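Here the structure comes first, spelled out in structure tokens, and everything after it is commentary.
As the structure is a prediction and not an experimental result, all values here were calculated from the model. Values below: all heavy atoms of this structure, side chains included; hydrogens, waters and symmetry mates excluded.
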Amino acid sequence: MDLFSSLKSFFRSSSTLVDNWAFTLHCKVTAGMLIAFSILVTGKQYFGDPIDCISRDDIPTKLLNTFCWIHTTFSLPDAWEKKVGDEVPYPGVDKYTPGEKRVYHAYYQWVCFFLFLQGIMFYIPKYFWKAMEGGRIKNLILGLDSPIVSEEAKVKNRMLIVQYFLSTIRQNGMYFYCFVAAEIMNFVNVVGQIFLVDIFLGGEFSTYGINVIGFSEWEPEVRYDPMIKVFPRITKCTFHRYGSSGDVQRHDSMCLLPINNVNEKIFIFLWFWFVILAIISGLALIYRFATIKCKTVRFFSTKSRTSLCDPDNLEIVVKKFALGDWLLLDLLAKNVDSQNFRDIVNDLAKELDESMFERKNGFPTTTF
């Protein structure tokens, strides 16, 4: 029950938004999927039948399965492209001759742990940002996320928020740069995960998706599934034991790996998902760079969150605010009711620019 309670709290969305949709894709969607995949593979591996080995000798089947699972199986690269049914019984499975190259498959024992570790790594940037954010936005809302607030409480809380912004103006730079650091961590993590999985799968993951797409375009008579190089369904296993005369005997067997049918689908999905997520994370960093360089981008970003806000007043506030101040204001716009946020911006503009009303009555407004 404790495990399911923990998972339930992990997937529960916070009522206070302190990040953006790119964070959601990383820490909620991707981390959640990886943990779910880990649980799926764990169930298949430890509560199912992950390997079945065939032998004509008197070796007990359970013993052979356990041995081959622990000591890994192998494929023969020279047999990958041979014709199935005529030359070999299955791609990569052939009679082994001493000195011939073999590719061992040991990764499948660790897939469930590897996926779980990946899920944790995708959550680390979110954890870092939550620690640095410290619940500031949650404490700053002061109940104004609801449109139904008594007028007295609304005015009092709005004044407290305005006074907070005025007293901390240009002192929130670290807040902004911690957020940027978390966004960079998201991008570095997803790109690093692609290379990490590539190492885990013996250098086959980086081109995995491209090979699968190319496979669908091959002529049927020359097709051989490139996925079998990474996730073979049938492999070989060699078991040695003493014979009746005391000599060492070698027993070759074919092993069916039904778990690789699951692994194959998981990792082909992850290849496309990681590529898409890396592109999205890169675009998020480009947008963040634009907000650093251009106040116009900041203005339109915050303006898009509330249709009731006076553009002239918001323009004044954004112009006067530094990056950290603007980020606080932008996150506040995600959480506070539109009418209340409009009033906060109006009060801030009045405090920041006493000549606001003069400009609105005939003089041009400030441009970026």
Supply the atom-to-atom distance Leu323 CG to Asp330 CG, rounded to the nearest 0.5 angstrom. 11.5 Å

Could you tell me whether Phe128 atom CZ has more than 12 heavy atoms of other residues or ligands within 6.0 Å of it? yes

For the CG atom of Asn340 and the CG atom of Asn157, what is their distance to the nearest 0.5 Å? 9.0 Å

Heavy atoms from other residues, nucleotides or ligands near OH of Tyr127 exceed 12 (cutoff 6.0 Å): no

Test: Arg233 and Glu264 ion pair at under 4.0 Å: yes

Okay, side chain of Thr42, backbone of Ser38: is any donor-acceptor separation there less than 3.5 Å? yes

Approximate separation, where rounding is to 0.5 Å, of Tyr164 OH and Leu166 CG: 12.0 Å

If two hydrophobic side chains count as joined below 4.5 Å and joins carry through other members, does Ile35 share a cluster with Ile120? yes

What distance do Leu34 atom CG and Phe116 atom CZ have between them, rounded to the nearest 0.5 Å? 11.0 Å

With distance as the sole test, does Lys350 use its side chain to make a donor-acceptor pair with the main-chain N or O of Asn313 at under 3.5 Å? no

Thr16 and Asn335 side chains, donor-acceptor separation under 3.5 Å: no

Asn189 CG to His26 NE2 distance, which is reported to the nearest 0.5 Å: 7.5 Å

Which word best sums up how the rings of Phe267 and Phe231 line up, parallel for under 30°, tilted for 30 to 60°, or perpendicular for over 60°? parallel

Where the side chain of Thr302 meets the backbone of Phe299, is there a donor-acceptor pair that is under 3.5 Å apart? no

Any heavy-atom pair between the side chains of Phe321 and Ile169 that's under 4.5 Å? yes

May I ask you to check whether over 12 heavy atoms, not counting those of Lys303, lie within 6.0 Å of atom NZ? yes

Note: Ala278 and Val191 closest approach over all heavy atoms is CB-CG2, 4.3 Å

Lys265 and Asn261: side-chain donor and acceptor closer than 3.5 Å? yes

Write down the atom of Lys320, the atom of Arg170, and the distance for their closest heavy-atom approach. O-NH2, 3.0 Å

Hey, are the side chains of Leu327 and Asn172 touching, using non-hydrogen atoms and a 4.5 Å cut-off? no

Thr30 side-chain N/O to Leu25 backbone N/O, donor-acceptor pair under 3.5 Å: yes

Within the distance-only criterion (no hydrogens, no angle test), does the side chain of Arg298 pair as donor or acceptor with the backbone N or O of Lys319 below 3.5 angstrom? no

Only one of Thr66, Leu64, Ile70, Asn65 clears side chain to side chain contact (heavy atoms under 4.5 Å, CB included) with Cys68; which? Leu64

Residue pair Phe122 / Val190, side-chain heavy-atom distance below 4.5 Å: yes

Carefully, step by step, assess Gln118 and Met121 under the rule side-chain contact (heavy atoms from CB on, under 4.5 Å). CA-CA 5 Å; Gln118 283 186 296; Met121 293 180 71; 5.6 Å; no

If hydrophobic clusters are built by linking Ile, Leu, Val, Met, Phe, Trp and Tyr wherever their side-chain heavy atoms come under 4.5 Å apart, do Ile194 and Ile279 end up in the same one? yes

Donor-acceptor under 3.5 Å (Trp69 side chain, Ile51 main chain): no

Under a 3.5 Å distance rule, please check whether Lys236 uses its side chain to pair with a backbone N or O of Val93 as donor and acceptor. no

Identified ring pair (Phe, Tyr, Trp, His ring centres under 6.0 Å) counterpart of Phe200 within the set Phe113, Trp110, Phe114: Phe114

Nearest heavy atoms of Phe165 and Leu328, plus distance in Å: CE2-CB, 3.8 Å

Which heavy atom in Cys309 sits nearest to a heavy atom in Arg342, and how many Å separate them? CA-CG, 4.0 Å

4.5 Å side-chain heavy-atom contact, Ile161 and Arg158: no

So, Asn20 side chain and Phe23 main chain: donor-acceptor pair closer than 3.5 Å or not? yes

Check whether any side-chain heavy atom of Phe289 lies under 4.5 Å from a side-chain heavy atom of Leu285, and answer yes or no. no

Report whether Ile286 and Ile280 are members of the same hydrophobic cluster (ILVMFWY, side-chain heavy atoms less than 4.5 Å apart, transitive linking). yes

Side-chain donor/acceptor pairs under 3.5 Å, residues 143-151, sequence neighbours excluded:
{"from": "Ser146", "atom 1": "OG", "to": "Ile148", "atom 2": "N", "distance (Å)": "3.3"}
{"from": "Ser150", "atom 1": "OG", "to": "Ala153", "atom 2": "N", "distance (Å)": "3.3"}

So do the side chains of Glu183 and Phe187 get within less than 4.5 Å of each other, counting heavy atoms only? no

Considering all heavy atoms of both residues, which atom of Ser301 and which atom of Tyr287 are nearest to each other, and what is their separation? OG-OH, 2.7 Å

Trp129 side chain reached by Met185 side chain, heavy atoms, under 4.5 Å: no

Are Cys237 and Cys255 close enough, and set up right, to give a disulfide bond (SG atoms under 2.5 Å apart), and what steps lead you there? CA-CA 7 Å; Cys237 177; Cys255 293; 4.7 Å; no

Hphob cluster co-occupancy, Val188 + Val197, side-chain heavy atoms under 4.5 angstrom: yes

State, without any angle test, whether Asn263 and Asn260 hold a side-chain donor-acceptor pair at a distance under 3.5 Å. yes

Any non-hydrogen side-chain atom of Leu308 less than 4.5 Å from a side-chain atom of Phe341? no

Within the supplied structure, the quantity of interest is the number of heavy atoms (other residues, nucleotides, ligands) at a distance under 6.0 Å from Lys334 NZ; does it exceed 12? yes

Hey, can you tell me if Phe269 and Phe37 have their rings parallel, tilted or perpendicular (30° and 60° cut-offs)? perpendicular

In terms of relative ring orientation, are Phe274 and Phe205 parallel, tilted or perpendicular, with 30° and 60° separating the classes? perpendicular

Working to the nearest 0.5 angstrom, can you tell me the gap between Arg102 CZ and Leu76 CG? 8.0 Å

Sorted by chain and residue number, the disulfide bond (SG atoms under 2.5 Å apart) partners of Cys112 (sequence neighbours excluded) come out as none

Heavy-atom nearest pair, Asn139 first then Gly134, reads ND2-O, 4.4 Å

May I ask whether Val155 and Val345 are part of the same hydrophobic cluster, defined by side-chain heavy atoms of I, L, V, M, F, W, Y residues being less than 4.5 angstrom apart, directly or through others? no

